[in-house]
There are 2 protein chains.
Amino acid sequence: MTNLDIAEVARRSGLPASTLRYYEEKGLIASSGRAGLRRQFDPGVLQRLALIALGRTAGFSLDEIVLMFGPDGQPRIDRTMLTAKAAELDTTIGRLTVLRDSLRHAAACPAPSHLECPTFRRLIRAAESGTVDPPPPAPLRKHRQNC
Amino acid sequence: MTNLDIAEVARRSGLPASTLRYYEEKGLIASSGRAGLRRQFDPGVLQRLALIALGRTAGFSLDEIVLMFGPDGQPRIDRTMLTAKAAELDTTIGRLTVLRDSLRHAAACPAPSHLECPTFRRLIRAAESGTVDPPPPAPLRKHRQNC
DNA sequence: GTGTCACTTCAAGCCGACTTGAGGTCAACC
DNA sequence: GGTTGACCTCAAGTCGGCTTGAAGTGACAC
């Protein structure tokens, strides 16, 4: 009664059934049983999937996420890990912010060619100097009205 | 004289030679000739590699980046594309910011289990409601001292 | 009882961005 | 003139996160 068919879980979570099977295989979720061949899931799986999605958004791999659940199924999240990930996100955010501002500038800049725009050239130089490499960032000041 | 050996380009750009060959194959860079078998590069390739790195950081694929150079080798960057990418980055930054704050909160939160922390639960609920899915974001207010 | 249809398993394929490995070439040094 | 070592080509492998395809099963409708 309270159990959900895989199709229902797929519908409610927005994930394709193939992904759910894959997650089960990886040990990220567990089916509560079978009705014939068909997997049945406890409704709690939805929260768990949400948690998994959250972890993925934060940049954790599925393997890392598996480790975040105790054998009891309870999330057992290491606070140190969270702090580290937060710091990592912080760095990423900083890089992306600089880049976004630079892109906006380049888009708005009146110089006929990007190579003639001082801001763009500064950005390239920063990139060239190794301050920007993918992943790494581009140090540049805030977006301003004129070059 | 002015030409650079692939090893030199690798050293200066920080990219392995295999990557440079791969980039050449993809049409991202061009060697200016050969000395025997060995590729020679114009020093300008370094700026170009910097530009490529920049594009990668901004989230462009190599295929997209190829299109950003005219047949003349001059960067021919579509300003509309830049604006669009800036907006995309903006969204990403927003999502990551919320997530970072939430992670920090969860790390600092005194609740014995994360599931008992209201902020964390709110985050999960947000995730569950589809506001957060990977890529998508987690809407949640700023980090605060207490739950 | 037979058709349909959503599920099942298992293996293989896909994507992007490279890396790795085998086997070959070439310039320079001793 | 032989060894070394850095380059070369081309094909295949890697990684993560799934998706796809073929072939099978089982519950329910008619």
Side-chain angles (χ1 to χ4, degrees), chain A residues 1 3-41 45 48-69 85 88 132-136, chain B residues 1 3-41 45 48-69 85 88 132-136:
Chain A
M1 166 113 296
N3 272 351
L4 306 175
D5 186 82
I6 191 171
E8 184 60 14
V9 176
R11 201 186 59 68
R12 292 214 213 167
S13 67
L15 295 170
S18 63
T19 301
L20 297 175
R21 280 189 284 265
Y22 176 65
Y23 279 7
E24 189 187 24
E25 190 189 340
K26 286 223 103 179
L28 282 160
I29 57 177
S31 50
S32 55
R34 297 282 177 126
L37 274 184
R38 306 176 173 214
R39 286 165 180 82
Q40 298 297 113
F41 290 96
V45 79
R48 187 145 175 156
L49 286 170
L51 226 36
I52 292 168
L54 200 54
R56 297 271 303 117
T57 305
F60 291 103
S61 71
L62 295 183
D63 286 348
E64 282 175 312
I65 294 171
V66 175
L67 301 174
M68 290 183 186
F69 293 97
K85 199 53 111 172
E88 204 177 288
V132 177
D133 36 14
Chain B
M1 167 113 291
N3 273 351
L4 305 175
D5 186 83
I6 192 173
E8 183 62 14
V9 176
R11 200 185 60 69
R12 293 213 212 166
S13 68
L15 295 171
S18 64
T19 301
L20 296 175
R21 280 187 284 265
Y22 176 66
Y23 279 7
E24 189 187 23
E25 189 188 342
K26 286 223 102 178
L28 282 161
I29 57 176
S31 50
S32 55
R34 297 280 176 128
L37 275 184
R38 307 177 173 214
R39 285 164 180 81
Q40 298 297 114
F41 290 96
V45 80
R48 186 144 176 159
L49 286 171
L51 225 36
I52 292 168
L54 199 56
R56 297 270 304 117
T57 305
F60 291 102
S61 71
L62 295 183
D63 286 348
E64 281 174 314
I65 294 171
V66 174
L67 301 174
M68 290 182 187
F69 293 98
K85 198 54 107 171
E88 204 177 289
V132 177
D133 36 13

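Naming: A, B, ... by sequence-line order, numbering from 1 per chain. It should be emphasised that the depicted structure is a prediction, and the values quoted were computed from it without experimental measurement.
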Verify the contact: side-chain N or O of [X] to OP1 or OP2 of [N], cut-off strictly under 4.0 Å; return yes or no.
{"X": "A:Tyr23", "N": "D:dC18", "result": "yes"}
{"X": "B:Arg21", "N": "D:dT9", "result": "no"}
{"X": "B:Arg38", "N": "D:dT9", "result": "no"}

Interatomic distance, [X] [atom1] vs [N] [atom2] [rounded to whole Å]:
{"X": "A:Glu25", "N": "D:dC18", "atom1": "CD", "atom2": "P", "value": "13 Å"}
{"X": "A:Ile52", "N": "D:dC18", "atom1": "CD1", "atom2": "C1'", "value": "14 Å"}
{"X": "B:Arg34", "N": "D:dC7", "atom1": "CZ", "atom2": "P", "value": "13 Å"}
{"X": "B:Leu15", "N": "C:dT19", "atom1": "CG", "atom2": "P", "value": "9 Å"}
{"X": "A:Ile6", "N": "C:dA6", "atom1": "CD1", "atom2": "C1'", "value": "11 Å"}
{"X": "A:Leu20", "N": "D:dT20", "atom1": "CG", "atom2": "P", "value": "15 Å"}
{"X": "A:Phe60", "N": "D:dG17", "atom1": "CZ", "atom2": "P", "value": "13 Å"}
{"X": "B:Ile29", "N": "C:dC18", "atom1": "CD1", "atom2": "P", "value": "11 Å"}

With B:Ile29 as reference, evaluate B:Tyr22, B:Tyr23, B:Phe69 under the side-chain contact (heavy atoms from CB on, under 4.5 Å) test and give the passing residue.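 Answer to the side-chain contact (heavy atoms from CB on, under 4.5 Å) test with B:Ile29 among B:Tyr22, B:Tyr23, B:Phe69: B:Tyr23.
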
If I take atom CZ from residue A:Arg56 and atom CG from residue A:Leu49, how far apart are they, to the nearest 0.5 angstrom?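 Output value for this atom pair is 12.5 Å.
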
Starting the side chain at C-beta, find the nucleotide from [options] nearest to [X].
{"X": "A:Arg56", "options": "D:dT9, C:dC18, D:dC18", "answer": "D:dC18"}
{"X": "A:Thr19", "options": "D:dT19, D:dG17, C:dT9", "answer": "D:dT19"}
{"X": "A:Tyr22", "options": "D:dG17, C:dA17, C:dC7", "answer": "D:dG17"}
{"X": "B:Arg39", "options": "C:dT9, D:dT9, D:dT19", "answer": "D:dT9"}
{"X": "B:Asp5", "options": "C:dC18, D:dG17, D:dC7", "answer": "D:dC7"}
{"X": "B:Leu37", "options": "C:dG24, C:dA17, D:dG17", "answer": "C:dG24"}
{"X": "B:Ser18", "options": "C:dT8, C:dT19, D:dG17", "answer": "C:dT19"}

Indicate, with a heavy-atom threshold strictly under 4.0 Å, whether B:Ala7 touches base, sugar-phosphate, or nothing.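 Sugar-phosphate contact only - B:Ala7 comes under 4.0 Å of backbone atoms but never of a base.
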
Option passing side-chain hydrogen bond (donor to acceptor under 3.5 Å, both in side chains) with A:Ser31 (candidates A:Arg21, A:Gln40, A:Glu24, A:Arg38):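 It is A:Glu24, the one option of A:Arg21, A:Gln40, A:Glu24, A:Arg38 that forms the side-chain hydrogen bond (donor to acceptor under 3.5 Å, both in side chains) with A:Ser31.
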
Does B:Glu8 use its side chain to pair, donor to acceptor, with the backbone of B:Asp5 at less than 3.5 Å?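 Answer holds: no.
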
Quick one, A:Leu28 and A:Arg48 - any side-chain contact, counting heavy atoms below 4.5 Å?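 Of all side-chain heavy-atom pairs linking A:Arg48 with A:Leu28, none is under 4.5 Å.
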
Nearest-nucleotide 5' precedence on DNA chain D, A:Pro16 against A:Ala35: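 Its nearest nucleotide lies further toward 5', so the answer is A:Pro16.
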
